[in-house]
Each structure stands twice: as structure tokens, then as C-alpha cells.
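Keep in mind that the numbers below use all heavy atoms, side chains included, and drop hydrogens, waters and symmetry copies.
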Amino acid sequence: LCDYYFDGKGKAIRPMIVVLMARAMNIHNLLPGQRAIAMISEMIHTASLVHDDVIDGSDQRRGKRTINEVWGERKAILAGDFILSVASMALARIGNISVVKVLSQVIEDLVRGEFMQLGSKENENERFKHYLEKTFKKTASLIANSCKAVSILVSPDPEVHEIAYQYGRNVGIAFQLVDDVLDFTSGASHLGKPTAADLKLGLATGPVLFACQQFPELHAMIMRRFSSKGDVDRAWQYVLQSDGVQQTRFLAQRYCQEAIRQISLLRPSPEREALIRLTEMVLSRDK
């Protein structure tokens, strides 16, 4: 079951960021513990995908059938648990208590983020704050804390840890904002998962929340989680008629600019340049 998703077909963007951050921190070298953190970050991510697919009832992931679709929900939940347990053992083997604390926070954030996704806020201002906080917990916390963990292994300086953390946090939020845009702009065959998936799950992401400012009719739909007949199609049309997609892209750009500002505080290296270029990839990706 675990081999099914660990087939080398994913983007592996998280371990790539972590390895680049590690090399930027200790100029080109990669310590065994840092390599382990890169692997653990991908394992935690994959375990969360397995569990998310059960919660969402998804039948497609990375262009093929989901684990829950092939083997059933019970085995999928256990497979996700198993991946997390192996990641936890690998984390313990690194033998650094600070790293264990930082990466344990990720697992708590993932669960809290999933719970936040199950609720929605009545007040429109609170709603956007709720959305960004959920985005941090579900997506950015893993990248931020993995980057921080590799910095802990080479530097005692809290300021350096904060640079690594802030780079990961800002890139992570930008990555998810672009993901939420692609749900409206990319074809299902391109993405490897069905489009309008978030609307069908009752989720109001950035493009919808921005569109709500121009089309207040969306407010009622958001509160009933697009559950009435025709809601998904109408919401889709409102978003495309609004500037919600452009606004969300603009917000992602601002997060990337902050990521670049943070990483530019490190000494120059090819890896630092790669991390800066990676922000451009995050913004321009189409799947």
C-alpha cells in the first residue's frame, strides 16, 4: 500500500526545498540527519494525503486511483498511520530533541488544519483569517518546520532558524494559494485530480472569498457549503466573472516576495539562488 504513492511520480517539492535549505545553510554539504528530515517531510505529507483522500472520499490522486478507492477506507487509514509511525521512528533516530519538537508540531498542525477545514466562519473578515490559518496548518507548517529543523542541525543561532522557518512558511502559503487557483483554471487531466474539487467538498478557498466581495450572493452558498442544487456551478461562474483568481495570484506573489526577502539574508550560494528561483516555479506552475 505504501509503495503505491511512493512511486517517484510526485513533485517531491518538499524534500527538494528541505535539501536546498540544508545545503544553503552549511554550504553544499548535506548531513545524514538533514537528508532524513527531507525524507520525513515527504512521508508526513504523503500520510496526510492518504488520510485526506479518505475524509474527502476522493477517487483520484496524482493521476491514478486513490488508496481508499483500490483497497478500501480501513486499509487506507491504517496505511496513513503506518507511514506516520515509520516517519516518527526515523525522527527519533536523528537523536535531536529540538528537531523532534519542531517536526512533532507539524503533525499537530495537520490535524488542527483538517478540523478547521470542516468548519466555516459567519463573519467575512474572520473567514479570510480562518482560511489563511488553515492554509498555514495544512500546508505551510510542514515546509516551515522542516526548513527550521535542518537549520537547527547546523546552527545554534535562533535568527538563522527563523529565516529558514519564514522562508518555508511563506513559500508554503504561496504554494497552496496557487493550488487553490489551479482548481479553477486547470483541466482535470492536467492536474491529476478533478477540478472544482474544493467547491464540491464545500470549501471556500481564496478565489471564492475574493469573489464574495463582488458577488455577495456567494455568502449564503459558502455558509451552506455549496450543498444546494446548482451551487457549485453558480459559484464557479461567479469566481470566473470576478477578479478572485487574479487577487489570489497577487496574494501568492506577495508571500513569495517575503520568502525571497527572508532567504536573501543568508550568505550567497547556488542553493540560495535555487531557493529564490523556486519561488518563481511555485507561482508559474500549472499543475
Side-chain angles (χ1 to χ4, degrees), residues 10-14 16-18 20-21 41 45 48-49 52 106 109-110 113 116-117 124-147 163-187 190-193 195-199 201 203-214 218 222 235-236 238-265 272-287:
K11 290 186 280 287
I13 192 134
R14 288 153 191 85
M16 180 166 66
I17 291 172
V18 174
L20 285 171
M21 181 63 75
S41 71
H45 171 60
S48 76
L49 297 185
D52 276 2
V106 171
D109 283 345
L110 277 169
M116 286 180 80
Q117 189 160 289
E124 287 187 38
N125 295 337
E126 278 183 30
R127 198 182 283 154
F128 211 92
K129 191 169 155 241
H130 181 90
Y131 164 67
L132 286 176
E133 193 182 335
K134 178 218 71 173
T135 297
F136 168 74
K137 283 183 162 38
K138 278 203 68 178
T139 304
S141 170
L142 174 59
I143 303 174
N145 284 300
S146 300
C147 285
I163 290 167
Y165 177 87
Q166 288 299 338
Y167 174 83
R169 175 182 171 275
N170 283 284
V171 162
I173 293 175
F175 186 88
Q176 187 57 48
L177 289 171
V178 172
D179 219 46
D180 294 343
V181 162
L182 291 176
D183 203 43
F184 288 92
T185 60
S186 188
H190 210 51
L191 264 185
K193 56 187 177 186
T195 44
D198 292 332
L199 286 176
L201 291 170
L203 304 179
T205 56
V208 180
L209 297 179
F210 278 121
C212 199
Q213 295 166 358
Q214 285 164 272
L218 278 165
I222 291 169
W236 173 272
Y238 282 138
V239 169
L240 296 186
Q241 286 165 33
S242 75
D243 62 0
V245 164
Q246 295 91 316
Q247 290 265 39
T248 309
R249 277 197 185 280
F250 180 63
L251 187 59
Q253 277 172 348
R254 282 185 24 213
Y255 277 104
C256 280
Q257 282 160 3
E258 178 58 19
I260 291 169
R261 192 182 75 77
Q262 291 287 343
I263 201 68
S264 298
L265 298 170
R272 189 190 77 166
E273 289 313 302
L275 286 167
I276 290 170
R277 280 210 307 281
L278 195 131
T279 63
E280 293 162 21
M281 281 169 54
V282 164
L283 290 172
S284 61
R285 72 193 179 93
D286 57 4
K287 63 179 182 179

Please lay out, stage by stage, how Leu132 and Tyr255 fare under the test side chain to side chain contact (heavy atoms under 4.5 Å, CB included).
CA-CA 12 Å; Leu132 286 176; Tyr255 277 104; 3.8 Å; yes
Test: Glu133 and Lys137 ion pair at under 4.0 Å:
yes
Provide the closest heavy-atom pair for Ser41 versus Ser146 in the form atom of the first, atom of the second, distance.
CB-OG, 3.4 Å
Just by distance, no angles: are the side chains of Thr205 and Asp180 close enough, under 3.5 Å, to form a donor-acceptor pair?
no
Check: Asp183 side chain, Asp198 main-chain N or O, donor-acceptor pair, under 3.5 Å:
yes
Glu126 and Lys129: CA distance, side-chain angles, deciding distance, salt bridge (Lys or Arg N to Asp or Glu O under 4.0 Å) verdict
CA-CA 5 Å; Glu126 278 183 30; Lys129 191 169 155 241; over 6 Å; no
Side-chain touch Ile17/Leu278, heavy atoms, less than 4.5 angstrom
yes
Non-hydrogen atoms of Arg14 and Phe175 that approach each other most closely:
NH2-CE2, 3.9 Å
Determine whether the side chains of Gln257 and Gln253 contain a donor N or O and an acceptor N or O closer than 3.5 Å.
no
Step by step, work out the side chain to side chain contact (heavy atoms under 4.5 Å, CB included) result for Val178 and Leu182.
CA-CA 6 Å; Val178 172; Leu182 291 176; 4.3 Å; yes
Do Met21 and Val18 make a side-chain contact, defined as non-hydrogen atoms from C-beta onward lying under 4.5 Å apart?
no
Can you see whether Ser48 engages Asp52 through a side-chain donor-acceptor pair at a distance of less than 3.5 angstrom?
no
Measure across Ala211 and Ser242 and return the closest heavy-atom pair with its distance rounded to 0.1 Å.
CB-OG, 3.2 Å
Any chance you could lay out the side chain to side chain contact (heavy atoms under 4.5 Å, CB included) test for Gln262 and Glu258, step after step, and finish with the verdict?
CA-CA 6 Å; Gln262 291 287 343; Glu258 178 58 19; 2.9 Å; yes
Those residues that, when tested against Tyr131, pass ring-ring contact (aromatic ring centres under 6.0 Å, His included) (two or more places apart):
Phe128
